[in-house]
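In listed order, ligands and their atoms are each counted from 1. Throughout, residue positions are numbered sequentially from 1 according to the sequence presented.
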Amino acid sequence: MAAEDRITTVRWTGDAATGCLRLIDQTRLPTEFVEVECRDVPTVWEAIRSLRVRGAPAIGIAAAYGAVLGARSGGVAGVDDIRRSLRDATQSLRTSRPTAINLFWALDRMDALAASTATGPEIDATALLDRLLAEARRIDDEDRAMCRAIGRHGAELVGPGQGILTHCNAGGLATADYGTALAVVFAAHEQGNPVRVFADETRPLLQGARLTAWELKRRGIPVTLICDSMAAQVMREGKVQMVVVGADRIAANGDTANKIGTYGVALLARAHGIPFYVAAPSSTFDLSIPDGSDIPIELRDPREVTHGFGRQTAPDGVDVYNPAFDVTPAGLIAGIITEKGVIRPVDTPTIRAVLDSP
Ligand code: MRU
């Protein structure tokens, strides 16, 4: 990918004691490209909750940097103050959104780093803060590497010139910079494969229309935007040979939570004999839960459905149900593309074997 094509979704500028987190405000895309500056935990919390930063890996990275901001919030007088402030920060950030496991995974890493310094040789407050920033940067850098590996493995599954349907946005904007589902598209395109993408617009918040279509267009990859309800017809017309989506949390048996509507797309793909793939890094697996029934599903504000983007589109007082995610059963998934390779078949032993591989 050319350097000018890269998106830096989330970045830390400056040192641990005085620097800040900057993130692309995704609620303003595709018409405005602006960054939000975050200097405290409430600003990061609000950015995650309101989807200024969204997508499972990007949420985790933003929260890790947010934990650094929190750790220094009471000043850098002593190591114990930093540990206490960090604990308060990670507890708060854990409440920002419930479904994407990457959020909890990243915050666990930040808490574990602080805990490990408690038992090691004595260090001073500044050194602890530096180590916390280094851990957040590692989470960020590891995501970059994992997404590229996902792209390499996934591109091997794409036939020449295939039509690929995707749902929501699992691109650079949802990760450090390269995406998961879109990494497969980017890698195939970089190898000279003339792939074409069908992007579901993704009601109610239009991540497909606003973000996926924007990312693909700016990289010169052919993309056709469709309303969610058009996917069946597009499949029946033979325009799609593969579906690839991202994930917010994958249970031990492969049941996968992703943006609301994904389950329907998987059913449609099965009905049309089209392989349905999930692309996700190992940080998106939650092996502590046996299957998808235990995945917490975020319920969001009814106004996202009745007043999308500033215009009322439903009668006053109508009942609304607005789950932000659904769970696709493992049996509908042809394979899960991870940085360690493709998990196929999607079942508990194969997931464990691939994730445990070096
Ligand atoms: O509500 P969002 O926009 O955070 O939902 C995002 C998704 O569902 C993505 O597909 C998922 O997080 C994977 S991102 C690589």
Any atoms of ligand 1 less than 4.0 Å from a non-hydrogen atom of [X]? List them with their elements.
X	result
Gln207	1 (O), 2 (P), 3 (O)
Pro57	14 (S), 15 (C)
Thr180	15 (C)
Ala174	14 (S), 15 (C)

Below 3.5 angstrom, do we get any N/O pair linking [X] and ligand 1?
X	result
Gly55	yes
Asp248	yes
Ala56	yes
Thr175	no
His167	no

Among Glu298, Arg54, Arg249, Arg97, closest by any non-hydrogen atom to atom 6 (C) of ligand 1: Arg54

Ligand 1 contact on Val245 by region, counting heavy-atom pairs under 4.0 Å: neither

With a distance cut-off below 6.0 Å to the six-membered ring centre and an angular limit of 45° from the axis, does [X] pair with [Y] as a cation-pi contact?
X	Y	value
Arg219	Phe186	yes
Arg218	Trp214	yes
Lys259	Phe325	yes

Cluster overlap Leu287 with Val278, hydrophobic side-chain contacts below 4.5 Å: yes

Cys168 touching ligand 1 at heavy-atom level, < 4.0 angstrom: yes

Run the salt-bridge test on [X] and [Y] with the 4.0 Å N-O cut-off and return the result as yes or no.
X	Y	answer
Glu142	Arg109	yes
Asp177	Arg148	yes
Arg137	Glu135	no
Asp80	Arg83	yes
Asp248	Arg97	no

Protein residue, atom and distance nearest to atom 10 (O) of ligand 1, heavy-atom basis: Asn258 OD1, 2.6 Å

Residue and atom name of the nearest protein heavy atom (relative to atom 5 (O) of ligand 1), distance in Å to one decimal: Lys259 CE, 3.3 Å

